[in-house]
S.K.: 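I am attaching a structure below and will ask some questions about it afterwards.
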4 protein chains.
Amino acid sequence: MFQLDVRSRKPIYEQLVDKIKELIINRILKPDEQLPSVRMLSSQLTINPNTIQRAYRELENQGYIYSIKGKGNFVSAIEHMPSNEQLNDLKKDIRKLIAEAIYLGLTKEDLYVLFDEAHHQTKGVKKHNDSGKFHK
Amino acid sequence: MFQLDVRSRKPIYEQLVDKIKELIINRILKPDEQLPSVRMLSSQLTINPNTIQRAYRELENQGYIYSIKGKGNFVSAIEHMPSNEQLNDLKKDIRKLIAEAIYLGLTKEDLYVLFDEAHHQTKGVKKHNDSGKFHK
Amino acid sequence: MFQLDVRSRKPIYEQLVDKIKELIINRILKPDEQLPSVRMLSSQLTINPNTIQRAYRELENQGYIYSIKGKGNFVSAIEHMPSNEQLNDLKKDIRKLIAEAIYLGLTKEDLYVLFDEAHHQTKGVKKHNDSGKFHK
Amino acid sequence: MFQLDVRSRKPIYEQLVDKIKELIINRILKPDEQLPSVRMLSSQLTINPNTIQRAYRELENQGYIYSIKGKGNFVSAIEHMPSNEQLNDLKKDIRKLIAEAIYLGLTKEDLYVLFDEAHHQTKGVKKHNDSGKFHK
DNA sequence: GTGGTCTAGACCACC
DNA sequence: GTGGTCTAGACCACG
């Protein structure tokens, strides 16, 4: 269910946060739906409960979930669209990538090839999303 | 010109690597040009020499600069055949970027739009020389 | 078991890298086995933690170990398809060796003899486990 | 004449020592022949005279040349065969190389291929040498 | 003067 | 507890 890479440089709690955010954004987890309990996730993923806790706390801070003492953690109802800040960061990353590719001597076409290739490898792409929101 | 954020999550040496890489990629630092000495940069940025050293070492590992003991650090001449390693790094970056974009809910088409946009902005950043490069 | 020569021309961290590499290559350290913590090795060898860290980082860069923050450093599982980078390193080593041999006045035939000899000695160094690995 | 690589990790004076040793071992420089003066070499190679001096001093220490004040530096008459120590070092290097190759999953045949390849690339092999000295 | 290595000791993030 | 980063200051090798 959850693909966590313990060897990654990215901390586990952060990977967890990202995965859950993704599930929420793509409506796989619906508003007010209950998240698995800390203990359950902990034993399922064989990961320290503290780490799960930390991920949930982080998600709560960012407004993606809310917790009710004694009941559990639940998905928030609010819309989560990428903030302008996030979009800008992404654009900056893209520019950096392109500059680097050009520096290495790649043409635009080379880049498109690599790009397509990478896109295909990135499986698990969701679809039931109202896409096209971000076309200029 | 060198905006370093000591409180950032990103380590200082990594920020340095990125900044200098950018200068090299955009040809503001030309091939075989000498970089400021470790000690000089260290005192100018009021950052420990070891940290500068580490950044320079990293840049050398990545092939952007070369160092001559007793003389200094110099910008590598670009070979226009990117090494496999460099290509792999680039691919990894691309995959990361795409994952990030998908995570934000963007479609492939959205990405292509951003991509084209960035590509147009990048062209022509090359030639104009610039001084005052290493002031804080 | 760890003979380090602090007065050698070869830096300590490099000696460490070589020793540990040897243990890994000869399967004395098995895949996914945990290496001694930075601090432990540091105190056992009475060598600064930074120096140990650097050796571990180098080993990670070369793909021999991987590290998990908060948990430790671990031996990489070998993939039986050597990366291009690794192959290149090997080739470089071979060239260096040959240059050295020629410089000593050996002919190609001399080298082949030494080579065969060494190859026979190497086979079968594999299996026997060994403890007390990290004592000074 | 002298191929020196300023970018190499190996210090220039050491490269010089090695080159000259090679010339002496292979009888291109004959016993009691005069070496080029420090100044001449210095200007020819555009290298600091101190560096040349250091190389000559090193060669003198190792017994390959002798110097006469006011006259110059001359090739020593004594035979220079690889010492047992040097041969042992070489053997150790060979064993290390082979162990590494095996670890990477290469077969003996793969290694021979790489080996031949590297040997061909190593040009400048001398021939008028009484070879075969080191056959077992 | 330059880069390279090392020590001592500190503080952080993660599990 | 673990690894990762950083500072302060020292000493060496090189040109």
Side-chain angles (χ1 to χ4, degrees), chain A residues 6 8-16 42 45-55 58, chain B residues 4 6-16 34-42 45-58 60 65-74, chain C residues 4 6-16 34-43 45-58 60 65-74, chain D residues 4 6 8-16 42 45-55 58:
Chain A
V6 283
S8 163
R9 312 197 67 84
K10 187 186 285 187
I12 291 180
Y13 87 92
E14 223 172 279
Q15 292 182 48
L16 254 175
S42 159
L45 304 178
T46 56
I47 276 181
N48 192 313
N50 286 329
T51 306
I52 312 281
Q53 264 295 19
R54 179 155 182 191
E58 183 73 16
Chain B
L4 293 182
V6 281
R7 333 163 73 195
S8 162
R9 300 245 309 171
K10 186 188 283 188
I12 296 178
Y13 83 92
E14 226 171 276
Q15 294 179 49
L16 255 173
Q34 182 165 6
L35 294 166
S37 83
V38 171
R39 287 164 174 78
M40 226 178 79
L41 245 197
S42 158
L45 304 179
T46 55
I47 277 178
N48 189 304
N50 274 326
T51 305
I52 310 283
Q53 255 285 44
R54 183 160 180 190
Y56 278 5
R57 243 175 75 87
E58 182 71 19
E60 189 179 16
I65 71 176
Y66 60 95
S67 96
I68 303 180
K69 223 201 237 189
K71 298 210 76 172
N73 289 279
F74 303 85
Chain C
L4 294 182
V6 281
R7 330 164 73 193
S8 162
R9 301 246 307 168
K10 185 188 284 190
I12 296 178
Y13 83 92
E14 228 171 273
Q15 294 180 48
L16 254 173
Q34 182 165 7
L35 295 165
S37 84
V38 171
R39 288 164 174 80
M40 228 178 78
L41 245 196
S42 158
S43 70
L45 304 178
T46 55
I47 277 180
N48 189 305
N50 274 327
T51 305
I52 310 283
Q53 255 286 43
R54 184 161 180 188
Y56 278 4
R57 243 174 76 86
E58 182 70 19
E60 190 179 14
I65 70 175
Y66 61 95
S67 95
I68 303 180
K69 225 201 241 187
K71 299 211 73 172
N73 288 279
F74 303 85
Chain D
L4 294 182
V6 283
S8 163
R9 312 198 66 85
K10 188 186 284 187
I12 290 179
Y13 87 92
E14 221 171 281
Q15 292 181 49
L16 254 174
S42 159
L45 304 178
T46 56
I47 276 182
N48 193 314
N50 286 328
T51 307
I52 311 282
Q53 265 294 22
R54 178 155 184 190
E58 183 71 16

S.K.: Nearest 0.5 angstrom please: L41(C) CG to L16(C) CG, how far?
M.R.: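 These two atoms lie 7.0 Å from each other.
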S.K.: Rounded to the nearest angstrom, tell me the gap between atom CE in M40(B) and atom C1' in dG3(E).
M.R.: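 About 15 Å, once rounded to whole Å.
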S.K.: For dT7(E), take OP1 and OP2 only and decide whether either is under 4.0 Å from a side-chain N or O of T51(C).
M.R.: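 So the side chain of T51(C) is within the cut-off, an N or O lying under 4.0 Å from OP1 or OP2 of dT7(E).
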S.K.: Between dG3(F), dT5(E), dC15(E), which nucleotide has the shortest distance from any of its atoms to the side chain of S67(C)?
M.R.: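 Closest of the options to the side chain of S67(C): dG3(F).
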S.K.: Looking at every heavy atom in both Q15(A) and S8(A), which two are closest together, and how far apart are they?
M.R.: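 Nearest pair, atom of Q15(A) first, then S8(A): NE2-CB, 3.6 Å.
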S.K.: Quick one: closest heavy-atom pair of N50(D) and N48(D), and the distance?
M.R.: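 Between these two residues, the closest heavy atoms are N-OD1, 2.8 Å.
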S.K.: Quick one: on DNA chain E, does P11(A) or V6(C) contact a more 5' nucleotide (nearest heavy atom)?
M.R.: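 Its nearest nucleotide lies further toward 5', so the answer is V6(C).
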S.K.: Taking atom C1' of dC14(E) as reference, at what distance in whole Å does atom CD of E14(A) sit?
M.R.: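 Distance check: E14(A) CD to dC14(E) C1' gives 11 Å.
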S.K.: Ignoring backbone atoms, establish whether R9(B) has a side-chain N or O less than 4.0 Å from OP1 or OP2 of dC14(E).
M.R.: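 R9(B) to dC14(E) OP1/OP2: side-chain N or O found under 4.0 Å.
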S.K.: Just N and O in the side chain of Y13(B): are any of them under 4.0 Å from OP1 or OP2 of dT5(F)?
M.R.: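 Result: yes.
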S.K.: From CG of N48(A) over to P of dT2(F), roughly how many Å is that when rounded to an integer?
M.R.: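 Nearest whole value for this atom pair: 16 Å.
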S.K.: Check the distance between dG4(E)'s C1' and E58(C)'s CD and give it to me in whole angstrom.
M.R.: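 Whole-Å distance recorded here is 14 Å.
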S.K.: Indicate, yes or no, whether a donor-acceptor pair under 3.5 Å links the base of dG4(E) to the side chain of R57(B).
M.R.: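 Such a pair does not exist between side chain and base.
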S.K.: Give a yes or no on whether a salt bridge exists between R9(B) and E14(A), defined as a side-chain N under 4.0 angstrom from a carboxylate O.
M.R.: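 Yes, charged N to carboxylate O under 4.0 Å.
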S.K.: To the nearest Å, how far apart are K10(B) NZ and dC6(F) P?
M.R.: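 K10(B) atom NZ is separated from dC6(F) atom P by 12 Å.
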S.K.: Counting the atoms with a prime plus P, OP1 and OP2 as sugar-phosphate, which does R54(C) contact under 4.0 Å by heavy atoms, base, sugar-phosphate, or nothing?
M.R.: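 Counting heavy atoms under 4.0 Å across all strands, the contact made by R54(C) is with sugar-phosphate only.
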S.K.: Please determine whether any donor N or O and acceptor N or O are separated by less than 3.5 Å between the side chain of N50(C) and the base of dG4(F).
M.R.: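 Per atom types, no contact qualifies.
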S.K.: Round to a whole Å and report the spacing from CD of Q53(A) to P of dC15(E).
M.R.: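 After rounding, the reported distance stands at 14 Å.
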S.K.: Could you work out which one of dG4(F), dC6(F), dG3(E) sits closest to the side chain of V38(B)?
M.R.: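 Looking only at heavy atoms from C-beta outward on V38(B), the closest nucleotide is dG3(E).
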S.K.: With rounding to the nearest 0.5 angstrom, report the CD1 to CE distance, I52(B) to M40(B).
M.R.: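 Going from the CD1 atom of I52(B) to the CE atom of M40(B) covers 11.0 Å.
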S.K.: My validator wants the stems of DNA chain E: runs of 3 or more consecutive Watson-Crick or G-U pairs, both distances under 3.5 Å, written as range with range.
M.R.: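 Only these stems qualify: E:1-14 with F:1-14.
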S.K.: Base of dG3(F), side chain of R39(C) - is there a donor-acceptor contact under 3.5 Å?
M.R.: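 Side chain to base: pair found, below 3.5 Å.
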S.K.: Atom CG of L41(C) to atom C1' of dT2(F): distance rounded to whole Å?
M.R.: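 It works out to 14 Å between those atoms.
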S.K.: Give the C-alpha distance, both sets of side-chain angles, the deciding distance and a yes or no for side-chain contact (heavy atoms from CB on, under 4.5 Å) between L35(C) and Y56(C).
M.R.: CA-CA 9 Å; L35(C) 295 165; Y56(C) 278 4; 3.6 Å; yes
S.K.: If I compare all heavy atoms of E60(C) with all of S67(C), which pair ends up nearest, and what's the gap?
M.R.: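 Looking at all heavy atoms of both residues, the shortest contact is OE2-N, 3.7 Å.
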S.K.: Nearest-nucleotide wise, let me know which of I68(B) and K69(C) is further upstream toward the 5' end of DNA chain F.
M.R.: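 Looking at DNA chain F, the more 5' nearest nucleotide goes with K69(C).
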S.K.: Could you please name the option among dA13(F), dT2(F), dG15(F) that lies closest to any side-chain atom of S37(C)?
M.R.: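 Closest of the options to the side chain of S37(C): dT2(F).
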S.K.: Which is true for N73(B) with a 4.0 Å heavy-atom rule: it touches a base, it touches only sugar-phosphate, or it touches nothing?
M.R.: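 If one applies the 4.0 Å heavy-atom cut-off, N73(B) turns out to touch the sugar-phosphate alone, with no base involved.
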S.K.: At their closest point, which heavy atom of V38(B) faces which heavy atom of Q53(B), and how far apart are they?
M.R.: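 Of all heavy-atom pairs spanning V38(B) and Q53(B), the closest is CG1-CG, 4.1 Å.
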S.K.: Please work out if I47(D) contacts a base, only the sugar-phosphate, or nothing of the nucleic acid, heavy-atom cut-off 4.0 Å.
M.R.: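 No contact at all - I47(D) keeps every heavy atom at 4.0 Å or more from the nucleic acid.
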S.K.: From the set dC6(E), dG4(F), dC15(E), return the single nucleotide nearest to any side-chain atom of I12(C).
M.R.: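 My answer, after comparing the listed nucleotides, is dC6(E).
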S.K.: In whole Å, what is the span from the CD atom of Q34(C) to the P atom of dG1(F)?
M.R.: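 The answer, rounded to whole Å, is 14 Å.
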